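This structure is a prediction, so every number in the text was calculated from the model and none was measured.
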Amino acid sequence: MLFSAVRRGDEKAFDTLFLRYYPVLCAYAARFVEPEDGEETVQDVMVWFWENREMQVFDVSLKSYLFKAVKNRCLTLISRNELKQRAVNSLHASMQSIYEDPDFYVVEELARHIEEALAALPDSYREAFEMNRFRHKTYAEIAAVLGVSPKTVDYRIQQALKLLRIRLKEYLPAILFLLP
């Protein structure tokens, strides 16, 4: 019996089994999935069958078992693909609404102008400002890092704010409008 020989690890018997069932299993899988996916599914089933040959016990014939295994793998593949497609559709819908929102472009432009305004600040002002606003460091922590007094840090941040207000004055209404 072919299955008994495969179960003992006879590679020639497995090759015979593979050649006997592969084309018909691929044709069967193509009823459920694309032919390329069907071939891959059949190969996966056959590899799994070989790797687990010693543990195989059937209530049905080997042929029925292989057909059922291919069908189940195809259904799993279909299920996974449907789940992926739902996720892609959901992501696309949420991203589409973001890009259709006119505020998205205003925010994008505003962010670019803020970055430019920050880059234009003197280094000592920008460094103190970014440490305070973006890294949430206290004046004392900044002073310790920069080797200056907390009063100097306060002065630098105040000057940075003053320069940013001047440079971004035309965008202040947009900033206030966009804040929740």
Side-chain angles (χ1 to χ4, degrees), residues 1-120 126-127 129-137 141 145 171 174-175 177-180:
M1 174 174 201
L2 189 59
F3 174 64
S4 297
V6 170
R7 195 167 188 184
R8 286 190 308 270
D10 183 340
E11 291 181 19
K12 289 188 188 273
F14 178 74
D15 289 344
T16 302
L17 177 97
F18 186 89
L19 292 173
R20 180 181 297 169
Y21 289 108
Y22 182 76
V24 69
L25 289 172
C26 287
Y28 180 66
R31 293 174 55 194
F32 303 101
V33 296
E34 294 295 319
E36 300 83 29
D37 291 335
E39 288 175 17
E40 189 173 327
T41 300
V42 171
Q43 290 169 12
D44 288 346
V45 166
M46 296 303 269
V47 167
W48 184 90
F49 181 77
W50 173 254
E51 290 174 347
N52 295 281
R53 65 189 174 276
E54 295 169 359
M55 298 185 297
Q56 300 296 338
V57 178
F58 303 118
D59 294 336
V60 294
S61 69
L62 173 62
K63 180 179 178 182
S64 295
Y65 175 82
L66 291 173
F67 274 86
K68 187 173 183 176
V70 167
K71 179 182 176 183
N72 288 340
R73 291 264 178 127
C74 287
L75 294 176
T76 299
L77 179 63
I78 290 168
S79 196
R80 267 193 224 128
N81 287 342
E82 286 175 356
L83 182 61
K84 284 181 193 173
Q85 191 58 48
R86 281 197 306 260
V88 166
N89 290 345
S90 174
L91 181 61
H92 177 65
S94 68
M95 293 306 290
Q96 191 65 29
S97 66
I98 289 171
Y99 292 124
E100 289 174 356
D101 185 359
D103 288 344
F104 172 79
Y105 297 99
V106 172
V107 169
E108 192 174 273
E109 179 183 349
L110 182 58
R112 187 172 43 82
H113 285 287
I114 290 171
E115 285 177 19
E116 290 170 1
L118 286 170
R126 183 176 29 76
E127 191 174 26
F129 179 81
E130 288 178 349
M131 289 174 101
N132 179 253
R133 302 303 170 149
F134 302 139
R135 297 185 201 136
H136 310 290
K137 296 207 177 276
E141 292 171 329
V145 170
Y171 298 99
I175 293 170
F177 174 74
L178 293 173
L179 292 176

Of all heavy-atom pairs linking Asp44 and Arg73, the shortest is CB-NH1, 3.3 Å
Drop me the distance from Thr41's OG1 to Asn72's CG, to the nearest 0.5 angstrom.
-> 11.5 Å
CH2 of Trp48 to CG of Asn52, rounded to nearest 0.5 Å, is 4.5 Å
Test item: Arg53 and Phe14 side chains (from C-beta on) under 4.5 Å apart, heavy atoms = no
Measuring from Phe32:CZ to Thr76:OG1, what's the distance to the nearest 0.5 Å?
-> 11.5 Å
What one should report as the nearest heavy-atom pair of Leu19 and Pro23 is O-CD, 3.4 Å
Which atoms form the tightest heavy-atom contact between Val42 and Cys26, and what is the distance?
-> CG2-N, 3.7 Å
Does CD in Glu34 sit with more than 12 non-hydrogen atoms of other residues, nucleotides or ligands closer than 6.0 Å?
-> no
Does the Ser79 side chain pair with the main chain of Leu75, one donor and one acceptor, at a distance under 3.5 Å?
-> no
When every non-hydrogen atom of Met55 is compared with those of Arg7, the smallest separation belongs to C-NH2, 4.5 Å
Could you check if a side-chain atom of Leu17 sits within less than 4.5 angstrom of a side-chain atom of Trp50, using non-hydrogen atoms only?
-> no
Start with the C-alpha distance between Leu62 and Phe49, add both sets of side-chain angles, then the distance that settles side chain to side chain contact (heavy atoms under 4.5 Å, CB included), and finish with yes or no.
-> CA-CA 11 Å; Leu62 173 62; Phe49 181 77; 3.5 Å; yes
How far apart are the closest heavy atoms of Gly38 and Val33, and which atoms are they?
-> N-CG2, 3.5 Å
Of the non-hydrogen atoms in Glu141 and His136, which two are nearest, and what is the gap between them?
-> OE1-O, 4.3 Å
Parallel, tilted or perpendicular for Phe67 and Tyr28, by the 30°/60° rule?
-> perpendicular
Side chain to side chain contact (heavy atoms under 4.5 Å, CB included) evaluation trace for Lys63 with Leu66 | CA-CA 5 Å; Lys63 180 179 178 182; Leu66 291 173; over 6 Å; no
Under 30°, 30 to 60°, or over 60°: which ring-plane class applies to Phe129 and Phe134, parallel, tilted or perpendicular?
-> perpendicular
